[in-house]
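It should be emphasised that the depicted structure is a prediction, and the values quoted were computed from it without experimental measurement. Chain naming here is simple, since letters A, B, ... match the order of the sequence lines and numbering starts at 1 in each. Below, each value reflects all heavy atoms present in this structure, side chains not excepted, and no hydrogens, waters or symmetry copies.
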Amino acid sequence: MFRIEYPHLDMRKIADSGQIFRFNIYEDEFSLVAGDKLLFIKEDGDGYILSCSEEEFNDFWLDYFDLRLDYKEYEKNIPKSDLFLIKATEYSYGIRILNQDKWEMLISFIISQRKSIPAIKSSVEKLSKVYGKKIDMQVPGFIKNIDPDTEFYSFPTPEALANASIDELNACSLGYRSPYIEATSKAVFRKDIELEELSKLNDTELLAALMSLKGVGIKVANCVALFGYHRIAAFPIDVWIKRMIDEHYDGEFPLELYEGYAGVIQQYIFYYGRESVKHSSN
DNA sequence: TGCCAGGTATAGG
DNA sequence: CCTATACATGGC
């Protein structure tokens with residue numbers, strides 16, 4: 001167990017920000033599966049109690065939650081006249097761009113196309129349950145809201161998915177994406193493409209390399225770059241972002257104001273846009 | 001119940 | 001280069 005307290009870190013918002021699909025909320029507690037790691041979190045005043053040791057936190061989770069960067073820097077160029085973005089940024093205070101696993105982001109965002117976030121989460125869980133490994137870790141005693149019998153599964157390896165049949169993949173509600181997952185898994189497993197090696201490429205080259213894979217277009221490539229490679233200049237445009245840009249910027253967002261980190265701004269707009277619709281529709 | 005979802009591949013112009 | 005269309009299926 002280890003307690004942390006940082007400015008600009010809100011687990012609830014991050015869990016619900018659409019950049020991660022295996023971060024679940026149980027009132028004031030959370031479960032988070034990242035690759036083959038499992039973390040339990042409990043709100044504790046202005047901080048959080050984590051199920052990991054201080055050493056594991058420093059070795060892995062500190063960078064995972066992107067806690068070395070000062071997010072105030074990303075807000076300084078927002079014009080005072082841009083009331084929408086000022087509001088979106090305030091509303092999103094505490095969201096950080098996580099450093100997630102490249103392979104997991106690639107598969108998760110191929111699945112994400114034309115699916116709602118709950119449906120994406122459901123598909124990723126099914127895939128993990130079928131092709132991942134049961135994580136050997138007890139729900140710790142300080143976690144009260146999660147059934148101790150709950151089983152958690154790691155995200156499947158490229159090998160596991162490359163060896164799956166189309167019929168088996170179909171059982172995970174992938175729909176027409178099953179052949180994409182199959183082709184991409186095989187390409188990664190055969191090392192036709194090496195995801196770690198792509199880190200050496202610049203942003204443009206990285207997007208092009210990712211888009212050579214079946215089922216990866218410009219939007220998915222940008223999400224993988226942003227959330228898997230921490231290319232915070234990447235600016236994925238999905239239906240929500242397009243809607244916000246059309247409504248508040250007359251169809252053209254001033255990217256040049258946020259050079260090098262527009263992806264962070266994108267995430268604020270996405271979160272604020274979705275949450276405001278969520279709350280106005282009931 | 002019918003509509004829509006963190007889009008992409010493909011064909012046709 | 002651009003635009004139009006098909007695509008499987010769950011969640012609400």
Do A:Glu75 and A:Tyr93 have side-chain atoms, one donor and one acceptor, less than 3.5 Å apart?
no
Can you tell me, in whole Å, how much space there is between the C1' of C:dG11 and that of B:dT1?
13 Å
Need one value for A:Gly215: base, sugar-phosphate or nothing, where a base atom within 4.0 Å counts as base even if backbone is also close, heavy atoms only.
sugar-phosphate
Between C:dT5 and B:dG6, how far is it from one P atom to the other, in whole Å?
24 Å
Outer limits of DNA chain B sitting under 4.0 Å from a non-hydrogen atom of chain A, read 5' to 3', are B:dA5 to B:dT10
Could you tell me whether the side chains of A:Ser17 and A:Gln19 share a donor-acceptor contact shorter than 3.5 Å?
yes
Would you mind classifying the nucleic acid contact of A:Leu213 as base, sugar-phosphate or nothing, using non-hydrogen atoms under 4.0 angstrom?
sugar-phosphate
May I ask you to decide whether A:Glu125 forms a salt bridge with A:Lys121, counting only side-chain N to carboxylate O separations under 4.0 Å?
no
Of A:Gly18 and A:Lys214, the one whose closest nucleotide on DNA chain B sits nearer the 5' end is A:Gly18
Could you check A:Ala221 against A:Arg243 and say which one's nearest nucleotide on DNA chain B is further toward the 5' end?
A:Arg243
Under 4.5 Å between any side-chain heavy atoms of A:Phe65 and A:Tyr6, yes or no?
no
Compute the centroid of each ring, for A:Phe21 and then for A:Phe109, and state whether the two points are separated by less than 6.0 Å.
yes
CG of A:Leu169 to OH of A:Tyr180, rounded to nearest 0.5 Å, is 14.0 Å
Report each atom pair, protein N/O against N/O of nucleotides 7-12 of chain C, whose distance is under 3.5 angstrom.
{"residue": "C:dA8", "atom": "O4'", "partner": "A:Tyr176", "partner atom": "N", "Å": "3.2"}

Below 4.5 Å, heavy atoms only, C-beta onward: do A:Ser108 and A:Phe155 meet side chain to side chain?
yes
Does A:Phe21 reach a base, just sugar-phosphate, or nothing at all? Heavy atoms under 4.0 Å.
nothing
Any residue meeting ring pair (Phe, Tyr, Trp, His ring centres under 6.0 Å) with A:Tyr91, in chain and number order, not counting sequence neighbours:
A:Tyr271, A:Tyr272
Within the structure shown, what part of the strands sits under 4.0 Å from A:Ser17 by heavy-atom distance: base, sugar-phosphate, or nothing?
base
